[in-house]
Amino acid sequence: MDFDALFNTQLDALREEGNYRIFAELERKCGQHPRARNYHEGQERDVTVWCSNDYLGMGHSPVVIDAMKAAIDANGAGSGGTRNISGTNHQHLLLERELADLHGKENALLFTSGYVSNWAALSTLGAKLPGAVILSDELNHASMIEGIRHARCAKKIWRHNDVEDLDRKLAECDPDAPKIVAFESVYSMDGDIAPIAEICDVAEAHGAMTYLDEVHAVGMYGPRGGGVAERDGVMDRVTLIEGTLGKAFGVLGGYITGSAALCDFVRSFASGFIFTTALPPAIAAGATASIRHLKNSPFERTKQKRQVARLRAQLDAHGIPHLDNPSHIIPVMIGDPVKCKFISDTLMDNYGIYVQPINYPTVPKGTERLRFTPGPLHSDDDIDLLVDALSDLWRQCALARAVA
């Protein structure tokens, strides 16, 4: 059987739909964020990155880099294996204590990525709690969906951020069944924010635990960067808070926080923890330094919010449609995969602006978009150039303008 022919048939279909993805070859230069070097067909050029999840530029912070260099010198490059076999490195425990303090919880548990922490924690909770039911927001991330699927327990999908629908779905469950309400704080594609307090009200009324994914919020919201739950003063009401070290904190890894018993339960049963090589100690040290810095420094968050507001105002002034949301994520809506890719390619080729097109299956067909994440290191001139370029391309593509 010609397997390559089978592969290429489906790849060709993606190309015809305009949904085939091409990844730019970028080299991010230390200390120059959001600038990067783009390598394309034997040529090199500098570009400005507008879609990075390193929201605050902490991946280039001397605070983080110096901590990682010191840990490399002290501990070497790797962790030596799984924590189950090779033991827990001291840097892992320092980081877990820092994370538990950040979220006001008894304990924390590290994973190799935010995807793995969601997959491992949700699959373990659903599989190991007898008769469990997981109630999932319909727009939850793929990692949460995958974890729920692998739990092989009962599940219910509730309408996005619809507290009344969640209440109805919980009322349908066996009152004695363990119930887990799984949702996110900031949804990365639309940039909207969950009503956490109201969700907790409903969950508590039905005796359900709450599982909150804060990956796009940690470092970004709250007086110490603890996320939207910290900003809203409800961290103590959330049973489990999950987050990432690979976005605003600038490094790599995922984690959960909660009671000592909850974290020990996941540690003891989750295959995604037990059988995975632990994070290198230098990564853990860099994350610890980043979290400590952002707990005490409002500068990065304040400057980032300013640039978000400035970009939104400029888009409005030029009639470029974008989703109105209260977060740092600015989705510019195009609604056509071919035009979305054309605009992305032209921004790179003609303006030195890199933003990846977002298309199916990440978002539903017909809602294709460019997703911009302004950071504290984007200058006012960067914003002006971006909006002028978008305005020109809007005209070329005969796309509708938003009414001011």
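- For residues 43-64, the salt bridge (charged side-chain N to carboxylate O under 4.0 Å, His left out) pairs, not counting sequence neighbours, are R37-E44, R37-D46, R45-D349.
- A donor-acceptor contact shorter than 3.5 Å links the side chain of R301 to the backbone of L294.
- Taking CG of L315 as the reference point, atom NE2 of H322 lies at 5.0 Å (rounded to 0.5 Å).
- A side-chain N or O of H216 and one of Y55 form a donor-acceptor pair less than 3.5 Å apart.
- Residue-environment remark: CG (L93) exceeds the threshold of 12 foreign heavy atoms within 6.0 Å.
- For residues 80-93, the salt bridge (charged side-chain N to carboxylate O under 4.0 Å, His left out) pairs, not counting sequence neighbours, are R83-E96.
- Not a single donor-acceptor pair under 3.5 Å links the side chain of D232 to the backbone N or O of A197.
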Criterion salt bridge (charged side-chain N to carboxylate O under 4.0 Å, His left out) on D201 and R237, from CA distance to verdict = CA-CA 9 Å; D201 288 342; R237 299 180 63 189; 2.5 Å; yes
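- Residue pairs meeting the salt bridge (charged side-chain N to carboxylate O under 4.0 Å, His left out) criterion with at least one member in residues 376-387, sequence neighbours excluded: R35-D382, R306-D380, R310-D380, R310-D384.
- When the side chain to side chain donor-acceptor pair (under 3.5 Å) test is applied to R224, the partners found at least two apart in sequence or on another chain are D101.
- T276 places no side-chain N or O within 3.5 Å of a backbone atom of F273 that could act as its donor or acceptor partner.
- With rounding to the nearest 0.5 angstrom, the CD1 atom of I283 is 9.5 Å from the NE2 atom of H92.
- Ring geometry for W50 against H378 counts as parallel: the plane angle stays under 30°, on a 0 to 90° scale with 60° as the upper cut.
- A side-chain donor-acceptor contact under 3.5 Å links T362 and R21.
- Note that CG of D392 and CD1 of I343 are 11.5 Å apart. Values are rounded to the nearest 0.5 Å.
- With sequence neighbours excluded, the residues satisfying side-chain contact (heavy atoms from CB on, under 4.5 Å) with V215 are D213, E242, T244.
- Remark: E146 pairs with R149, H150 by the side chain to side chain donor-acceptor pair (under 3.5 Å) rule, at least two apart or across chains.
- Under the side chain to side chain donor-acceptor pair (under 3.5 Å) criterion, S188 pairs with no residue at all, not counting sequence neighbours.
- Distance alone, capped at 3.5 Å, is enough to place a donor-acceptor pair between the D137 side chain and the N161 backbone.
- Although no hydrogens or angles enter the test, the distance criterion places no donor-acceptor pair under 3.5 Å between the side chain of S123 and the main chain of A151.
- A cation-pi arrangement, defined by a distance under 6.0 Å to the six-membered ring centre and an angle within 45 degrees of its axis, is present between R15 and Y20.
- Without hydrogens or angle criteria, R312 side chain to I330 main chain gives no donor-acceptor distance under 3.5 Å.
- K105 meets the side-chain contact (heavy atoms from CB on, under 4.5 Å) test with H103, I241, T257; sequence neighbours excluded.
- S290 places a side-chain N or O within donor-acceptor distance of the main-chain N or O of F249, the cut-off being under 3.5 Å.
- Checked against the 6.0 Å centroid threshold, Y187 and H141 do not count as a close aromatic pair.
- Cation-pi geometry between K365 and Y360 is met: the NZ or CZ atom falls under 6.0 Å from the ring centre, inside 45° of the normal.
- With respect to R369 and D190, a salt bridge is recorded, a charged nitrogen being found less than 4.0 Å from a carboxylate O.
- Under the salt bridge (charged side-chain N to carboxylate O under 4.0 Å, His left out) criterion, no residue pair touches residues 323-336, with sequence neighbours excluded.
- For E214 (side chain) and S185 (main-chain N/O), no donor-acceptor pair under 3.5 Å exists by modelled atom type.
- Salt-bridge annotation for E98 and K295: present, with a side-chain N of the basic residue lying under 4.0 Å from a carboxylate O of the acidic one.
- Residues forming a side-chain contact (heavy atoms from CB on, under 4.5 Å) with K155 (at least two apart in sequence, or on another chain): I148.
- Residue pairs that meet the side-chain hydrogen bond (donor to acceptor under 3.5 Å, both in side chains) test with at least one member in residues 58-82, sequence neighbours left out, do not exist here.
- Although no hydrogens or angles enter the test, the distance criterion places no donor-acceptor pair under 3.5 Å between the side chain of N325 and the main chain of I193.
- Considering only residues two or more places apart in sequence or on other chains, F269 meets the side-chain contact (heavy atoms from CB on, under 4.5 Å) condition with T124, K128, F265.
- Between the NE2 atom in H293 and the OG1 atom in T288 there is a gap of 14.5 Å [rounded to 0.5 Å].
- With hydrogens and angles ignored, the 3.5 Å screen pairs a side-chain donor or acceptor of S344 with a backbone N or O of V355.
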